[in-house]
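Below: the structure, in structure tokens.
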Amino acid sequence: MSDVTTTDLYEVTMALSYLHEDMSGSATFSLFVRDLPAERGFLVSAGTEPALEYLSAFRITSADVGDFASALHRPYADVAGLCGITFTGEVRAVPEGRVVFAGEPLLEVTAPLAQAQLVETFLLNQVSHQTAVASKAVRSVLAASGRPVVDFSLRRTHGTSAGMQAARTTALTGFAGTSNVAAAVRWGLPASGTMAHSYVEAFPDEEAAFRAFARAHPGPVTFLVDTYDAVRGVRTAARVLRDLRRGPGCAVRLDSGDLGALARHARVELDSAGLPEVRVVASGGLDEYGVDSLVRSGAPIDVYAVGTRVGTSADAPYLDSAYKLVEYDGRPVMKLSSAKVTSPGRKQVFRRPDGDDVIALSDEPGPAGAEPLLRTVMSDGRRLFPPDTLPEGQARLTTDLEDLPADTLRIRDPRPGRAVFSGRLSELTSDLSRRLRSD
């Protein structure tokens, strides 16, 4: 089963109708998020690179046509016209790691109508999910205020593919590592992991478990100290580390209970044992809200491990994203449905040094000193640049975050950034809306 068939059936039925009607003109679709989720001041563009990989390899084979025919309960000959279709269009996209706001196109696809339609589902899936997770993850980085944050989400993400995407997007936002071995190898990320409570339970007592673990791992080790009693566990870990003369790079991990209070106890215990360099790691149901509370309380936690809530973007598990036709065969088009009105025409987004972003038509000049966010990354179905690296995306995000107002960066009750329409786009939208309503 190929990625080509990973699509909604109506994409296929529409494409077949376009071919039947000889509607092969150039179409532009715009992918954007209608509204920011609650408690989000901004989004982080992500998923563009996997989307471009998909478009670069897009080709409908005979086997794919067979699958479409089966799904439609129609003879192969009825859908044979799809065979051999490749993506030959243009893509303009906001690079990964850029901060974006509601209504701004994250990417625009311009291609023959059937091609542009067939790729909708996969593009929405990739960009929506990864942008949602990246936008959640970056808030944990902000909340940690310079302390390392590690991804522990794989075991509870919505499938292993989602887990891979979570590891990649959390790395994009500045996470220090991941527990996901496959992701660490694929993208060159630091792999991070300790032990489970089951490991400790398998031994007669905690000390035996810690000593056995240290024998198997001659380098720095992290001991999980709350299997039975965290206070006693920290004391046992400190004794073992001191006896083995282990310290630099080692840590104790707290995974339950009052993490702030336990971290304070752990810090005192470790310092009293002459182990000031041993770090305290906290995990267990954390996301940006928990991290923010712990940091604000002054808890002596050195590393935060976040998992389920970040990997699934638990408080905002989806984005109200859309992929809408904005131009066909040189004619601007728009949707007038209640609460889902779209704006017509190919677009550009301009970021001003001071003031709101401006969404404009693609052929109009931007405000003085403004930076265009959308860049052409594919032409004639071919990529124009080498794939972006995660460090490049991280650098963009760092720069964009530095330019955001403090109230937009707030973890709780942020003031959402916004974008406004240019004069020409507002005029086109208003004029076309009047014409369509009068027809």
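Basis for what follows: all heavy atoms, side chains included, without hydrogens, waters or symmetry-related copies. Note that the structure is a prediction, hence the values are computed from the model and not measured.
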Only pairs under 3.5 Å count here: list side-chain donor-acceptor contacts from residues 247-260, not counting sequence neighbours, and write none if there are none.
{"from": "R253", "atom 1": "NE", "to": "T194", "atom 2": "OG1", "distance (Å)": "3.1"}
{"from": "R253", "atom 1": "NH1", "to": "D255", "atom 2": "OD1", "distance (Å)": "3.4"}
{"from": "R253", "atom 1": "NH1", "to": "S283", "atom 2": "OG", "distance (Å)": "2.8"}
{"from": "R253", "atom 1": "NH2", "to": "T194", "atom 2": "OG1", "distance (Å)": "3.2"}
{"from": "R253", "atom 1": "NH2", "to": "M195", "atom 2": "O", "distance (Å)": "2.9"}
{"from": "D255", "atom 1": "OD1", "to": "S283", "atom 2": "OG", "distance (Å)": "2.6"}
{"from": "D255", "atom 1": "OD1", "to": "G284", "atom 2": "N", "distance (Å)": "3.3"}
{"from": "S256", "atom 1": "OG", "to": "D226", "atom 2": "OD2", "distance (Å)": "2.6"}
{"from": "D258", "atom 1": "OD1", "to": "G260", "atom 2": "N", "distance (Å)": "3.3"}
{"from": "D258", "atom 1": "OD1", "to": "A261", "atom 2": "N", "distance (Å)": "3.1"}

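- Side chains of T88 and Q115: a donor-acceptor N/O pair is present below 3.5 angstrom, by distance only.
- With respect to E371 and R98, a salt bridge is recorded, a charged nitrogen being found less than 4.0 Å from a carboxylate O.
- Side-chain polar atoms of R40 and S135 form no donor-acceptor pair below 3.5 angstrom.
- Separating the CG atom in L325 from the OG atom in S30 is a distance of 10.5 Å, to the nearest 0.5 Å.
- A salt bridge links D292 with R296: the distance from a Lys NZ or Arg NE/NH1/NH2 to an Asp or Glu carboxylate oxygen falls below 4.0 Å.
- Nearest heavy-atom pair, F175 versus A137, reported as atom, atom and distance to 0.1 Å: CE1-O, 3.5 Å.
- In this structure, R418 forms no cation-pi arrangement with F42, as its terminal cationic atom is not both closer than 6.0 Å to the ring centre and no more than 45° off the ring axis.
- At a threshold of 4.0 Å, the pair R235-E269 counts as salt-bridged, since one of the basic side-chain nitrogens sits closer than that to a carboxylate oxygen.
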D363 vs R346, salt bridge (charged side-chain N to carboxylate O under 4.0 Å, His left out): CA-CA, chis, key distance, verdict
CA-CA 8 Å; D363 61 352; R346 290 162 54 97; over 6 Å; no
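- Looking at heavy atoms from C-beta onward, F87 lies in side-chain contact with V109 at the 4.5 angstrom threshold.
- In terms of the side chain to side chain donor-acceptor pair (under 3.5 Å) criterion, S379 has no residue partners (sequence neighbours excluded).
- For the side-chain contact (heavy atoms from CB on, under 4.5 Å) test with S321, the passing option among L106, L124, T131, L123 is L124; the others fail.
- With hydrogens and angles disregarded, a donor-acceptor distance shorter than 3.5 Å links the side chain of D400 to the backbone of V99.
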